[in-house]
Student: 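Take this structure first; my questions come after.
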Amino acid sequence: MTGIHVAYALPLLVIGWTGLHMRKSVIGGTVAFLVAWQGVLALAAISVFQRAKPAEGAVLLWVLVFGAAIALASLLVLGLRRYYSDRDVRWRRNEEIRH
Amino acid sequence: MKPILLVALLGASTALAAGTLFTRTTKRLVLGWLGVGLFQSLFFLVIGFELLALLNLLFVAASATVLQLYSAVFGTGAIHRAESERERQDWIYGIGSGTTIGAILVFALVSTFPEAETRGDLAAPEFAKEMLAAFPELPWVMGVTLFLAIVTWATVGRPGWKRNSERSR
């Protein structure tokens, strides 16, 4: 069993979290979220790796699936929100959608 | 040898992530993300989670494709313009939040439980019991912190990428 402290996964988490607060675009925010997610995954992998039964790491796959679903769904939701917030959907004011 | 390799792989992905944090173009953002994901997959491979490494690789490729498609639909120019405008308050906000989460995580993982490295098999209920024994006011503190955080998030500004204006796309 190789000894590596779980804290080695922290920089990725911190960088992702910082990016999430500094980014201005949806793509930037999503990439920051994905980086933070890799940090969470690394944290989980290191802690499971050092357990007596590393086979329990199968749980990590489910964590990854959930993370992937959340990341991609958030990109879509943020993108659609961005798209529709830029559209003037008021019927009387927008010539484009009046007819 | 193995710990050095593991730390080197984590270090490489961290360095790439830090570089990605300061890039402005969509191309570099996506490439940076691909690099981070590749090194993380190698890391999972080295510690023996082959399936996880493979799935992570597939996920990274798929998410990079989605990001590319998104930038193609909404325009790379608008994204570049939005990312180029970084003001003093963005730096304060970003570095402040990063420092806060870093301090909390270091406190949780290193200071409070210095033996976490050697214990290995750390069961969650046992962890919670020890934490509560060491710090009985923890639920109250966490509750108040969460409440204050929610109030702050809801009232004091919003993350830059949520702003409702043309330039923030």
Student: Quick one: do B/W33 and A/Q38 satisfy side chain to side chain contact (heavy atoms under 4.5 Å, CB included)? Show the steps, please.
Tutor: CA-CA 10 Å; B/W33 162 239; A/Q38 290 292 309; 3.7 Å; yes

Student: For the atom pair CG (B/L105) and CH2 (A/W17), what is the distance rounded to the nearest 0.5 Å?
Tutor: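 Atom-to-atom, B/L105:CG and A/W17:CH2 are 9.5 Å apart.
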
Student: Please report the closest heavy-atom contact between A/T18 and B/G98, naming both atoms and the distance.
Tutor: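 A/T18 and B/G98 have their closest heavy atoms at OG1-CA, 3.2 Å.
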
Student: Kindly work out whether a path of hydrophobic side-chain contacts (I/L/V/M/F/W/Y, heavy atoms less than 4.5 Å apart) joins A/L12 to B/L57.
Tutor: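 No, it is not one cluster - the side chains of A/L12 and B/L57 are not joined through contacts under 4.5 Å.
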
Student: When hydrophobic residues are tied together by side-chain contacts of less than 4.5 Å, even through go-betweens, does B/L55 share a cluster with B/F49?
Tutor: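 Yes; tracing contacts between hydrophobic side chains, which count when under 4.5 Å, links both residues.
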
Student: Linking I/L/V/M/F/W/Y whenever their side-chain heavy atoms sit closer than 4.5 Å, directly or via other members, would B/F43 and B/L5 fall into one cluster?
Tutor: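 As far as the 4.5 Å side-chain criterion goes, B/L5 and B/F43 are connected within one cluster.
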
Student: Treating Ile, Leu, Val, Met, Phe, Trp and Tyr as nodes and any side-chain heavy-atom pair under 4.5 angstrom as an edge, say whether B/L31 and B/F39 lie in one connected cluster.
Tutor: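 B/L31 and B/F39: one cluster.
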
Student: Where is the tightest heavy-atom contact between A/R23 and B/T23, given as atom of each residue plus distance?
Tutor: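 A/R23 and B/T23 have their closest heavy atoms at NH1-O, 2.9 Å.
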
Student: To the closest 0.5 Å, what do you measure between CG (A/L34) and OG (B/S63)?
Tutor: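 Here the interatomic distance stands at 5.0 Å.
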
Student: At what distance, to the nearest 0.5 angstrom, does CG of A/L10 lie from CD1 of B/I104?
Tutor: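 A/L10 CG to B/I104 CD1: 12.0 Å, rounded to 0.5 Å.
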
Student: For the CZ atom of B/F59 and the CH2 atom of A/W37, what is their distance to the nearest 0.5 Å?
Tutor: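 Going from the CZ atom of B/F59 to the CH2 atom of A/W37 covers 9.0 Å.
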
Student: Looking only at heavy atoms, what is the nearest atom pair of B/A17 and A/V35, with distance?
Tutor: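 Heavy atoms of B/A17 and A/V35 come nearest at CB-CG1, 3.7 Å.
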
Student: Between B/T14 and A/P11, what is the shortest heavy-atom contact and its length?
Tutor: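 Scanning both residues, the minimum pair turns out to be CG2-CB, 3.4 Å.
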
Student: With rounding to the nearest 0.5 angstrom, report the NZ to CZ distance, A/K24 to B/R24.
Tutor: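 Rounded to the nearest 0.5 Å, the NZ-CZ separation comes to 10.5 Å.
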
Student: Out of curiosity, does B/V46 fall in the hydrophobic cluster containing A/Y8 (side-chain heavy atoms, cut-off under 4.5 Å, transitive links)?
Tutor: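 Result: yes, single cluster for both.
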
Student: Determine the minimum heavy-atom distance between B/G102 and A/V14, stating which atoms define it.
Tutor: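 Distance-wise, the nearest heavy atoms are CA-CG2, 3.7 Å.
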
Student: Would you give me the side-chain donor-acceptor pairs under 3.5 Å for residues 39-46 of chain A, sequence neighbours excluded?
Tutor:
none

Student: Could you go through the side chain to side chain contact (heavy atoms under 4.5 Å, CB included) check for A/L13 and B/I101 one step at a time?
Tutor: CA-CA 9 Å; A/L13 267 172; B/I101 198 78; over 6 Å; no

Student: Quick one: what part of B/L10 sits under 4.5 Å from any heavy atom of chain A, side chain, backbone, both or neither?
Tutor: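 For B/L10, side-chain heavy atoms alone lie under 4.5 Å from chain A.
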
Student: CD/B/Q68 to CD1/A/I27 distance, rounded to the nearest 0.5 angstrom?
Tutor: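 Reported to 0.5 Å precision, the distance equals 7.5 Å.
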
Student: Run the side chain to side chain contact (heavy atoms under 4.5 Å, CB included) check on B/W91 and A/M22 step by step: do they pass?
Tutor: CA-CA 7 Å; B/W91 286 102; A/M22 283 181 72; 3.3 Å; yes

